[in-house]
Amino acid sequence: MSITRTASALHKWLALLLAVPILFWFGSGLFFAAVPIEWVRSEHRVAEIPARPIEMTAAAAGLARLAALGVTSADKVELRTLLDRPVALVSGGAGRPKLFDLRSGRLVSPISARMAVAIAARDEAGSARPVRVAAVAANSPEYRGALPAWRVDFSDGAGVARYVAADTGLVSARRSTLWRVYDFLWSLHILDLRDHEDFNTPVLILAALLALLVLVSGIVLLPQRLGWQRLYRRFRRPNRSGG
């Protein structure tokens with residue numbers, strides 16, 4: 001069998017086999033290119049909250065208060081405000097970070113469901129309001145962040161949910177129906193329907209290899225499909241009319 005016939009058979013059957021994953025790749029790629037990633041991440045719905053500086057004297061007094069209460073060492077201390085109150089996030093070793101109120105020295109973390117709702121509501125730039133809150137104890141394809149956390153759903157018709165880390169009081173993720181569509185198409189794009197994040201699945205590697213063979217066989221067939229071989233033979237044919 002000639003190289004051309006072998007390439008033709010290979011190209012035909014592999015293209016048929018790869019029709020579905022190629023549809024996934026190009027369909028999802030079109031969606032990724034057309035939809036702004038800022039919309040997917042709900043960045044347009046994040047409220048702009050002015051920074052509230054913490055005076056150094058108040059910070060020093062607050063840290064001294066924590067030391068007096070038994071917080072004597074830390075690998076990292078982050079000072080910020082939480083619902084307009086100055087707090088200190090203390091991290092050390094392999095343990096979970098702890099959030100303290102600098103004014104009272106009270107341990108704030110893990111934050112309550114009520115506080116998580118207030119944090120999520122303040123993060124919302126629109127008119128949507130929280131309607132439901134649930135505890136999150138394990139990672140999932142939708143949320144892979146700090147645990148434990150609270151999921152706060154909003155009543156806006158777009159399926160918006162905010163995840164608030166219980167130990168830090170930070171909004172750790174924003175999800176919506178658009179994000180879930182994006183994530184589903186992403187799982188099809190990388191052919192990882194379980195975790196939606198593995199680029200090294202055997203299925204993806206095999207599909208990419210076969211797609212490369214389709215491309216190479218198509219290049220081999222290109223001269224024949226364009227009629228270049230017939231044109232070449234015509235010009236190479238000896239001219240017998242002269243004499």
Side-chain angles (χ1 to χ4, degrees), residues 17-47 89 91 94-97 99 109-126 128-211:
L17 179 65
L18 290 171
V20 173
I22 288 176
L23 178 63
F24 289 164
W25 291 337
F26 282 89
S28 59
L30 175 61
F31 182 88
F32 300 153
V35 178
I37 191 63
E38 293 80 11
W39 294 4
V40 176
R41 295 172 178 166
S42 297
E43 294 179 5
H44 61 294
R45 301 189 55 150
V46 179
L89 182 64
S91 305
R96 288 164 53 178
L99 194 65
S109 61
I111 64 172
S112 65
R114 183 176 180 179
M115 183 175 289
V117 170
I119 293 170
R122 177 166 289 198
D123 188 70
E124 170 62 38
R129 293 292 177 263
V131 293
R132 188 167 41 255
V133 60
V136 179
N139 282 322
S140 65
E142 175 163 315
Y143 178 73
R144 289 181 286 268
L147 294 172
W150 295 99
R151 170 176 169 154
V152 182
D153 294 288
F154 285 75
S155 61
D156 60 345
V160 172
R162 283 172 170 81
Y163 290 84
V164 182
D167 290 334
T168 65
L170 295 173
V171 176
S172 49
R174 301 173 183 88
R175 302 294 183 249
S176 65
T177 300
L178 179 62
W179 185 94
R180 295 178 189 102
V181 171
Y182 187 101
D183 185 60
F184 174 70
L185 292 177
W186 177 251
S187 71
L188 297 180
H189 195 77
I190 64 173
L191 300 180
D192 178 18
L193 301 181
R194 186 182 65 177
D195 299 322
H196 303 191
E197 62 179 0
D198 190 358
F199 281 91
N200 304 111
T201 59
V203 175
L204 179 60
I205 295 173
L206 178 60
L209 177 60
L210 294 180

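A quick note: this is a predicted structure, and the numbers were derived from the prediction, not measured.
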Over all heavy atoms of both residues, which pair between [X] and [Y] is shortest? Give the atoms and the distance, please.
X      : Y      : result
Thr168 : Pro97  : CG2-CG, 4.2 Å
Ala128 : Asp156 : CB-CB, 3.6 Å
Trp150 : Ala166 : NE1-CB, 4.1 Å
Ile111 : Ala165 : CD1-O, 4.0 Å

field: Asp153 vs Arg151, salt bridge (Lys or Arg N to Asp or Glu O under 4.0 Å): CA-CA, chis, key distance, verdict
entry: CA-CA 7 Å; Asp153 294 288; Arg151 170 176 169 154; 3.0 Å; yes

message: Taking His189's backbone N and O only, do any of them form a donor-acceptor pair with Trp25's side chain (distance below 3.5 Å, no angle check)?
response: yes

- prompt: So, the side chain of Ser176 versus the backbone of Trp179: is there a donor-acceptor pair under 3.5 Å, distance only?
  reply: yes

query: Should we count CZ of Phe32 as having more than 12 external heavy atoms under 6.0 Å?
result: yes

Partner of Glu124 under salt bridge (charged side-chain N to carboxylate O under 4.0 Å, His left out), chosen from Arg174, Arg45, Arg129: Arg45

query: Out of curiosity, Asp183 CG to Leu178 CG, how far, rounded to the nearest 0.5 Å?
result: 11.0 Å

Measuring only between side-chain heavy atoms, which start at C-beta, is [X] closer than 4.5 Å to [Y]?
X      : Y      : result
Trp39  : His44  : yes
Leu188 : Ser28  : no
Val35  : Tyr182 : no
Arg96  : Pro110 : yes
Asn139 : Leu147 : yes
Asp167 : Pro148 : yes

Under 3.5 Å donor-acceptor pairs involving side-chain atoms of residues 113-121, not counting sequence neighbours:
none

message: Do Arg162 and Phe154 form a cation-pi contact, if we require the NZ or CZ to be under 6.0 Å from the six-membered ring centre and within 45 degrees of the ring's axis?
response: yes

